[in-house]
Participant: 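One structure coming up, written as structure tokens, with questions to follow.
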Amino acid sequence: EDKVVQSPLSLVVHEGDTVTLNCSYEVTNFRSLLWYKQEKKAPTFLFMLTSSGIEKKSGRLSSILDKKELFSILNITATQTGDSAVYLCAVGWAGNNRKLIWGLGTSLAVNP
Amino acid sequence: AAGVIQSPRHLIKEKRETATLKCYPIPRHDTVYWYQQGPGQDPQFLISFYEKMQSDKGSIPDRFSAQQFSDYHSELNMSSLELGDSALYFCASRQDIVTDTQYFGPGTRLTVL
């Protein structure tokens with residue numbers, strides 16, 4: 001059965017800390033891996049990764065994919081309280097319906 | 001930039017009533033997904049449409065139905081509502097053959113009393 005596992009489930013840090021969120025997957029017909037940030041509203045898109053070893057970066061956030069070891073990490077440097085959210089990882093399935101297989105998310109709390 | 005529009009944003013219904021949720025995808029997006037998200041849960045895929053045809057079906061109850069119209073907007077119809085249907089319902093849209101990225105609407109919060 002296809003699955004996406006995120007760790008840790010929950011994380012509490014202080015402002016200024018650097019955090020690394022993990023996403024591992026076992027998905028047949030892998031196509032892409034996506035990261036979303038969800039505050040108390042809809043998930044907002046962060047990154048889509050399709051190739052191994054190529055880092056994607058947006059401000060203090062960066063992500064990389066390892067298709068050999070079947071995982072991705074999301075790094076957030078110099079965390080701010082506004083980074084507090086649930087970070088969702090999803091894997092795009094290469095079948096006809098292009099569905100996403102979701103992880104349960106990592107809940108990040110950044111304390112001042 | 002235009003985003004996914006959902007209406008209504010909040011809806012309160014009683015048990016056994018019906019509800020209709022609407023989703024207007026981003027212009028030129030031809031694929032629509034519906035998700036249900038309970039508190040502390042990841043989004044649960046319900047159903048998707050591509051070019052007005054159902055493309056995939058997830059954990060959508062038989063009491064629910066959905067369709068995509070000629071202008072690509074979609075409606076989720078929910079009948080015989082139960083307390084357990086209380087959740088946040090998201091619609092997401094995507095432009096097929098371009099990307100896997102789904103862009104989410106703000107959601108409809110449904111409360112069943």
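Protein chains get the first letters and strands the later ones, always in sequence-line order, with residue 1 at the start of each. Just so it is clear, the structure is predicted and the values come from calculations on it, not from any experiment.
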Participant: Quick one, A:Trp102 with B:Gln37, criterion side-chain contact (heavy atoms from CB on, under 4.5 Å). Give me CA distance, side-chain angles, the key distance, then yes/no.
Facilitator: CA-CA 12 Å; A:Trp102 294 87; B:Gln37 188 173 30; over 6 Å; no

Participant: Answer with yes or no whether the hydrophobic clustering places B:Val4 together with B:Tyr35; edges join I, L, V, M, F, W, Y residues whose side-chain heavy atoms lie under 4.5 Å apart.
Facilitator: yes

Participant: I'd like to know whether NZ of B:Lys13 has more than 12 heavy-atom contacts from other residues, nucleotides or ligands below 6.0 angstrom.
Facilitator: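 Yes, NZ of B:Lys13 has more than 12 neighbouring heavy atoms, counting only those of other groups under 6.0 Å.
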
Participant: Is atom CG of B:Asp62 surrounded by more than 12 heavy atoms (other residues, nucleotides or ligands) closer than 6.0 Å?
Facilitator: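 Result for CG/B:Asp62: open.
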
Participant: Quick check for you: to the nearest 0.5 Å, what is the distance between A:Gln38 atom CD and B:Leu88 atom CG?
Facilitator: 7.5 Å

Participant: Using non-hydrogen atoms only, which part of A:Leu88 is less than 4.5 Å away from chain B: side chain, backbone, both, or neither?
Facilitator: side chain

Participant: Should we say atom NZ of A:Lys41 is surrounded by more than 12 heavy atoms from elsewhere, each under 6.0 Å from it?
Facilitator: no

Participant: Is B:Phe45 in contact with chain A via its backbone, its side chain, both, or neither, using a 4.5 Å heavy-atom distance?
Facilitator: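 The answer is neither part of B:Phe45.
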
Participant: Given 3.5 Å as the limit, does a donor-acceptor pair link the side chain of A:Tyr36 with the main chain of B:Gln102, or not?
Facilitator: yes

Participant: Assigning hydrophobic clusters by single linkage (Ile, Leu, Val, Met, Phe, Trp, Tyr; side-chain heavy-atom cutoff under 4.5 Å), is B:Trp34 placed with B:Tyr72?
Facilitator: no

Participant: Are A:Leu21 and A:Ile101 linked, directly or through intermediate hydrophobic residues, by side-chain heavy-atom contacts shorter than 4.5 Å (ILVMFWY only)?
Facilitator: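 Linked, A:Ile101 and A:Leu21 end up in one cluster.
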
Participant: If you take all heavy atoms of A:Ala42 and B:Gly105, which pair is closest and at what distance?
Facilitator: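 Looking at all heavy atoms of both residues, the closest pair is CB-O, 2.7 Å.
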
Participant: Which pair of non-hydrogen atoms, one from B:Asp100 and one from A:Gly92, has the smallest distance, and what is that distance?
Facilitator: OD2-CA, 4.2 Å

Participant: Roughly how far apart are B:Thr101 OG1 and A:Met48 CE, rounded to 0.5 Å?
Facilitator: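 Here the rounded value is 4.5 Å.
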
Participant: Within a radius of less than 6.0 Å around CD of A:Glu26, do more than 12 heavy atoms belonging to other residues, nucleotides or ligands occur?
Facilitator: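 Counting neighbours around CD of A:Glu26, 12 or fewer heavy atoms of other residues, nucleotides or ligands fall under 6.0 Å, so no.
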
Participant: May I ask you to test the A:Leu100-B:Pro43 pair for a side-chain heavy-atom distance under 4.5 Å?
Facilitator: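 Sidechains of B:Pro43 and A:Leu100: no contact.
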
